[in-house]
Student: 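One structure, pasted below without further comment.
Chain letters run A, B, ... following the sequence lines, proteins first, then strands; residues in each count from 1. No experiment lies behind these values; they were computed from the predicted model shown. What you see below is based on every heavy atom in this structure, not just the backbone, and it leaves out hydrogens, waters and symmetry mates.
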Amino acid sequence: MKQHLLRWPVVLVAATTVALAAAACGSSPSSSPKASSTGSSSVKTLKVALIEPSLRNDLAFSQSMYAAVESLAGPMHLQVSVSDNLFNVTDAGNAMRQYASEGYNLIIAHGSQYGGTVEQLAPQFPKTSFAWGTAGVTYGLKNVFAYQANSQEGGYVEGYIASLLSKSKVLGVIGPINVGDAHLYVVGFHAGAMAADPKATVHTSFTGSFSDDTLMATAAKAYVAEHADVLTGSSQSVVGAIGLAKQDNVAWFGTQWDQASLAPSQVVASQVYDWTGVLKQMITAIRGGVLGGATYTITLGNGGEKIVYNPSYPLPASIKSAANKVISEIINGTITPPTN
Amino acid sequence: MSHFLTAAVLTATVAAGIQLATPFLLAALGETMGERSGVVNLGVDGIMLLGAFGAYWVAAKTGSLVLATAAGLGIGLVMGLLTAFVSVTLKAEQGISGIGVFLFGLGLTNVMLLKLFASPVTIPALPAVRIPLLYRIPYFGTMFFTQNWLVYLAFVLVPVLTFVLNRTTYGMKIRAVGENPAAADTVGVSVSRIRYSTVILGCTLAGLAGATLLMLVGIFQEDLTNSEGFIAVALVYFGAFRPLGVMAGSLLYGMVGAVVVTWKTLGIIPTSASDIASMAPAVLTVLALLFVARRFQQPAALGKPYLRGG
Amino acid sequence: MRWRRTTQETRAAGAAGRKDLLFSWFALPAAGILALLLGTLLLLAFGANPLTAYRALVSGAFDGTYALTSTAVKAVPLLLVGAGICIAFRANMLNIGGEGQIAMGGLAATATALAVPSLPAIILVPLVLLAGAVGGGIWGAIPGAFKAYFQVNEILSTIMLNLVAVQFMNYLLSGPLVANSGYAVGGLIPQTKLLSRNAWLPTLIAGTQLHLGVLIAVLLAVGVYVLLWHTGIGFRIRAVGLSRDASRYAGMSVRPTMTLAMTLAGALSGVAGAMLVVGSVSHRMVTDGTLTGFTGNAGFNGIVVALFAGLNPLWTILTSFLFAGLLVGGISAQVITGVPADVVTAFNGLVVVLVVSVEFLRRRARARARAAAIAGPDPGGGGEIPETGGEMPGTEVPA
């Protein structure tokens with residue numbers, strides 16, 4: 001192993017260079033977009049890049065933004081490129097920088113871990129707009145937008161419904177790590193459940209991972225053994241728990257994405273993030289010359305956050321109307337779900 | 001704590017621990033065979049992922065869990081052939097080639113997931129199979145004899161493989177090849193053939209482990225295994241390269257994990273200590289080995305490609 | 001000298017030997033081309049133009065100052081971990097714990113930077129790196145000592161300690177070390193405050209990411225080389241790796257040496273972790289709940305680059321740079337072609353397997369050719385092949 005290997009790295013470099021010399025020289029490569037628009041001549045196509053920390057089909061966080069951006073691509077004349085599964089912040093930074101150097105107009109950094117990178121990159125590309133979420137800070141930079149979700153609102157409503165629906169009055173909540181959206185949702189859920197029935201018991205636990213499905217399933221099983229008949233949870237790993245809910249016929253409340261398809265007879269409702277409103281505002285602002293400086297929040301009030309009931313689940317009308325009442329009270333400010 | 005010590009919770013925890021342990025056990029048993037004959041395969045995680053994805057695709061398309069299991073086995077078999085070719089015939093550096101297989105499996109499964117499932121669906125649940133008569137035993141019946149058939153298979157493999165390793169000619173050849181391939185060669189044992197067979201077996205089990213994991217979760221997600229394949233490899237060392245030891249290690253790891261989750265759900269472990277508690281399975285596994293301080297030897301030829309005359 | 005020897009060998013080898021020599025020269029490029037072909041298939045399956053992709057790969061990695069400096073920066077953790085692996089593997093300690101050691105080093109460095117932010121840079125930067133070394137060093141010493149004194153297999157303990165490290169990281173970054181600002185509504189992001197400017201690694205070329213860490217890493221790699229081959233400690237490390245019994249018989253203290261080797265490997269990984277924090281664009285430590293999110297798989301890739309370099313820290317400098325190029329260029333290729341990022345990961349895996357597959361054959365062919373040259377023009381087949389391993393250092397002589 002020792003001395004013979006001295007030669008081959010050189011050979012490898014030489015071979016690679018020779019093989020690619022013809023390909024490597026020539027004009028610089030151009031971008032090939034994933035989805036492009038058929039723009040009318042009066043509206044200039046906006047180049048949008050979406051950076052995500054997990055796969056765009058994760059049935060949760062990443063998918064919510066991907067779906068929103070894709071749905072707007074045609075109507076708003078966008079050219080969309082996606083770099084997903086970039087959980088490593090350095091790699092994401094390189095990708096962002098590459099997009100910025102290629103003249104992309106809007107770079108959506110969809111992950112709270114990207115904040116520091118956005119903070120450093122934005123000043124270097126003053127003509128590019130950066131959107132960072134979920135977060136509530138723009139670092140005072142003129143070309144940074146921030147967006148976030150008041151997950152505690154949806155959590156509150158779902159907790160309220162869950163509490164009324166539950167016969168055993170034992171509810172189980174499974175979170176990944178106690179930060180960010182997961183934290184807000186859990187706090188809201190707890191408060192809503194207590195408001196509906198102060199005698200209900202809400203158990204909460206965190207698996208310690210955003211991606212360990214089996215731990216979620218195990219927690220769900222434990223809750224069922226503890227007589228919980230309603231479960232909920234957050235992050236893309238909840239599918240493990242939903243699977244168990246399906247098996248044991250326990251009611252489930254979804255977050256971030258409409259999870260009804262995963263367990264059609266068990267999912268009662270899902271808190272869905274609809275980012276299109278926020279995106280529309282940002283894109284309009286960018287087209288008008290404003291590249292940042294604002295924070296957008298999706299709430300039940302502005303329709304960015306929705307409670308989507310599963311039509312296949314027989315939710316008693318009385319509970320549904322009570323829930324709708326709670327929703328309107330949150331919207332008009334009578335109820336303010338806590339964040340801690 | 002009183003809530004934990006109720007029958008319902010305890011049985012659920014033990015049953016969950018067994019289920020958590022099963023994918024580890026399958027993969028680790030397979031790796032044990034390979035390592036006993038002298039071949040290290042660090043690509044187990046990648047093969048588990050590939051097997052899991054294959055099973056997922058088949059299950060989503062056909063709805064048949066049997067076919068899905070077959071897919072997992074088949075993919076494991078193919079990967080076993082490739083791995084054996086690379087490690088035994090081409091005599092590549094086993095550590096690196098394994099990591100290459102891992103990266104390949106990780107990348108390819110994510111890519112295929114994106115391409116084939118714009119919005120992933122769930123697959124049918126694994127049915128629980130009750131062992132006749134035994135399942136009626138109070139408490140233990142629920143814990144041990146009302147699992148799915150993959151769990152039973154995994155635990156049945158333990159005595160089977162132990163028997164094979166210790167009491168068959170084939171097993172003797174495996175051990176000989178692992179300890180002293182030159183001597184085995186001299187008495188006419190085909191080192192290459194033995195290693196091919198164990199590696200293929202090992203990878204097939206890894207593929208099955210992936211399919212098992214997939215069916216336990218009910219859907220495929222990026223990096224479904226979460227490095228479980230590497231833990232499985234570690235458990236081979238924990239088990240001193242013996243199926244029984246590997247089973248002990250897998251159960252320890254799975255049980256502790258299940259207990260931690262249950263205690264968290266009961267509030268015995270408060271949220272503030274959640275992350276620290278999640279360390280428990282790993283810490284306890286290492287401590288267990290520390291205090292059981294077994295002085296064991298790994299197969300003398302482990303990791304070394306065999307070269308006649310060399 | 002080597003060129004002369006080669007031409008002599010070629011002449012002396014005779015027909016059969018020449019065939020072997022040719023094979024040994026072309027095996028590796030052939031593997032490279034096979035990798036490119038398979039990669040092309042992958043790319044085509046995703047509707048990407050392979051030429052565009054490869055062009056982007058090369059230019060993203062090496063074309064221009066920004067690309068080169070990004071590649072150099074990406075190579076830093078690979079080099080440091082790889083240099084550490086050179087020490088550990090040569091002592092026959094299979095350190096699979098790079099990921100955890102990087103994380104612990106990063107945490108120690110971050111904690112230090114947060115604790116004493118106002119120290120002048122000239123003190124704080126070395127202090128932070130030192131803290132990283134200590135954090136990682138401890139995380140290497142534990143499995144090292146467990147193996148040396150309690151025969152706990154280090155593959156097991158290092159993998160398990162990785163799992164412990166990720167939970168520890170999650171705990172610290174959502175609890176004691178978390179930044180309390182930055183999230184208006186109340187849900188915290190698992191990241192720390194922006195670290196004091198005094199802790200930032202100075203940038204060497206303005207406008208790029210190239211920071212002092214690159215120089216430090218190269219110096220450390222050279223230092224490891226010197227350690228292993230020009231010091232008593234290094235000699236002991238290598239001796240213990242080759243034969244524990246013989247070393248003990250020769251009066252060397254085997255167990256402390258084994259522990260030391262793992263500690264050094266861990267310390268180097270820890271420095272990598274420190275640099276990942278204070279040399280990063282964000283200058284904070286942030287987690288997404290996994291180790292890879294922070295390390296970028298450097299703990300495993302470091303093993304690959306070290307083994308590719310024959311466990312020689314100097315050659316690791318080259319292999320880590322090349323591998324980093326593959327990674328950085330891969331991001332470029334992904335951005336430009338729009339293929340999913342994981343195509344690059346899969347391609348990386350393919351390259352690793354193919355290159356390592358031909359390596360042994362190539363070496364064997366070379367050795368056969370040389371044997372033919374020694375034997376004379378008509379070698380008559382076979383001959384003794386000098387055993388040069390190809391093994392993972394796994395010789396466990398019962399202690």
Side-chain angles (χ1 to χ4, degrees), chain A residues 1 54-60 62-63 66-67 82 84-85 87 172-175 177-178 183 186 201 203-228 236-237 239-248 257-259 261-264, chain B residues 3-4 6-13 15-17 19-20 23 93 107 110-111 113-114 117-128 213 215-226 228 254 257-267 269-272 274-279:
Chain A
M1 193 68 169
S54 53
L55 285 184
R56 70 195 82 170
N57 61 354
D58 68 350
L59 297 168
S62 291
Q63 189 157 359
Y66 175 68
V82 181
D84 59 353
N85 219 14
F87 41 77
V173 182
I174 318 164
I177 303 181
N178 194 11
H183 170 80
V186 165
T201 314
H203 293 302
T204 309
S205 63
F206 292 91
T207 60
S209 161
F210 281 97
S211 52
D212 195 330
D213 294 30
T214 45
L215 284 182
M216 279 268 171
T218 310
K221 207 192 209 118
Y223 282 136
V224 168
E226 292 154 25
H227 311 296
Q236 70 253 36
S237 56
V239 286
I242 297 179
L244 195 97
K246 193 171 169 187
Q247 245 181 302
D248 289 2
W257 185 253
D258 184 0
Q259 296 172 337
S261 58
L262 297 174
Chain B
H3 287 287
F4 179 62
T6 60
V9 173
L10 273 174
T11 47
T13 309
Q19 280 205 340
L20 274 179
E93 185 84 35
N110 285 344
V111 143
L113 179 67
L114 273 182
F117 293 94
S119 203
V121 296
T122 49
I123 60 170
L126 262 179
L213 179 64
M215 290 189 277
L216 286 174
V217 175
I219 199 173
F220 189 89
Q221 290 201 308
E222 54 176 311
D223 198 14
L224 183 72
T225 55
N226 236 326
E228 275 191 18
V259 168
V260 166
V261 168
T262 307
W263 282 6
K264 283 191 200 179
T265 63
L266 284 170
I269 297 177
T271 310
S272 52
S274 181
D275 298 311
I276 305 285
S278 297
M279 299 179 190

Student: Quick check for you: to the nearest 0.5 Å, what is the distance between B:K264 atom NZ and A:I174 atom CD1?
Tutor: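 Result: 11.5 Å between the selected atoms.
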Student: Can you tell me which of B:P120, B:G218, B:S274 forms the most heavy-atom pairs within a distance under 4.5 Å of chain A?
Tutor: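 Ranked by heavy-atom pairs under 4.5 Å with chain A, first place is B:P120.
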Student: When you compare the side chain of A:N178 with that of B:T271, does any pair of heavy atoms fall below 4.5 Å?
Tutor: yes
Student: Measure from the side-chain N and O atoms of A:N57 to the backbone N and O of B:L113, and report whether any donor-acceptor pair falls under 3.5 Å.
Tutor: yes
Student: Distance check, rounded to the nearest 0.5 Å: A:S54 atom OG versus B:D223 atom CG?
Tutor: 12.0 Å
Student: How close do B:S278 and A:G208 get, counting heavy atoms only, and between which atoms?
Tutor: OG-CA, 4.3 Å
Student: Heavy-atom cut-off 4.5 Å, strictly under: side chain, backbone, both or neither for A:S209 against chain B?
Tutor: side chain
Student: So which part of A:L262 gets closer than 4.5 Å to some heavy atom of chain B, the side chain, the backbone, both or neither?
Tutor: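 It is both, since atoms from each part get that close.
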Student: Which atoms of A:A217 are under 4.5 Å from chain B, going by heavy atoms: the side chain, the backbone, both sets, or neither?
Tutor: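 Looking at A:A217, nothing touches chain B.
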Student: Are any of the side-chain heavy atoms of A:T214 and B:N226 separated by less than 4.5 Å?
Tutor: no
Student: With rounding to the nearest 0.5 Å, note down the distance linking OG in A:S211 to CD in B:E222.
Tutor: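 Spacing of OG (A:S211) from CD (B:E222) equals 7.5 Å.
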Student: Grab the two heavy atoms, one from A:S237 and one from B:Q221, that are nearest each other, plus how far apart they are.
Tutor: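 Result for this residue pair: CA-OE1, 3.9 Å.
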Student: Relative to chain A, which segment of B:L266 carries a heavy atom at a distance below 4.5 Å: side chain, backbone, both, or neither?
Tutor: both
Student: Under a 4.5 Å heavy-atom cut-off, does chain A meet the side chain of B:L20, its backbone, both or neither?
Tutor: side chain
Student: Can any side-chain N or O of B:T265 pair as donor or acceptor with the backbone N or O of A:A222 at less than 3.5 Å?
Tutor: no
Student: Between the side chains of B:S119 and A:Q63, does any donor sit under 3.5 Å from an acceptor?
Tutor: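 There is such a pair between these side chains.
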Student: Can you tell which of B:L114, B:T262, B:L216 has the highest number of heavy-atom pairs within less than 4.5 Å of chain A?
Tutor: B:L114
Student: Only pairs of heavy atoms separated by less than 4.5 Å count here; which of A:T204, A:V239, A:L55 has the most with chain B?
Tutor: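 Highest number of pairs under 4.5 Å: A:L55.
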Student: Taking all atoms of both residues into account, what is the closest heavy-atom pair of A:E226 and B:V9, and its distance?
Tutor: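 Residues A:E226 and B:V9, closest heavy atoms: CG-CG2, 3.7 Å.
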Student: Which pair of non-hydrogen atoms, one from A:K246 and one from B:T122, has the smallest distance, and what is that distance?
Tutor: NZ-OG1, 3.3 Å
Student: Given heavy-atom pairs under 4.5 angstrom as the criterion, report whether the side chain, backbone, both or neither of B:N110 touches chain A.
Tutor: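 For B:N110, the contact with chain A is made by backbone and side chain together.
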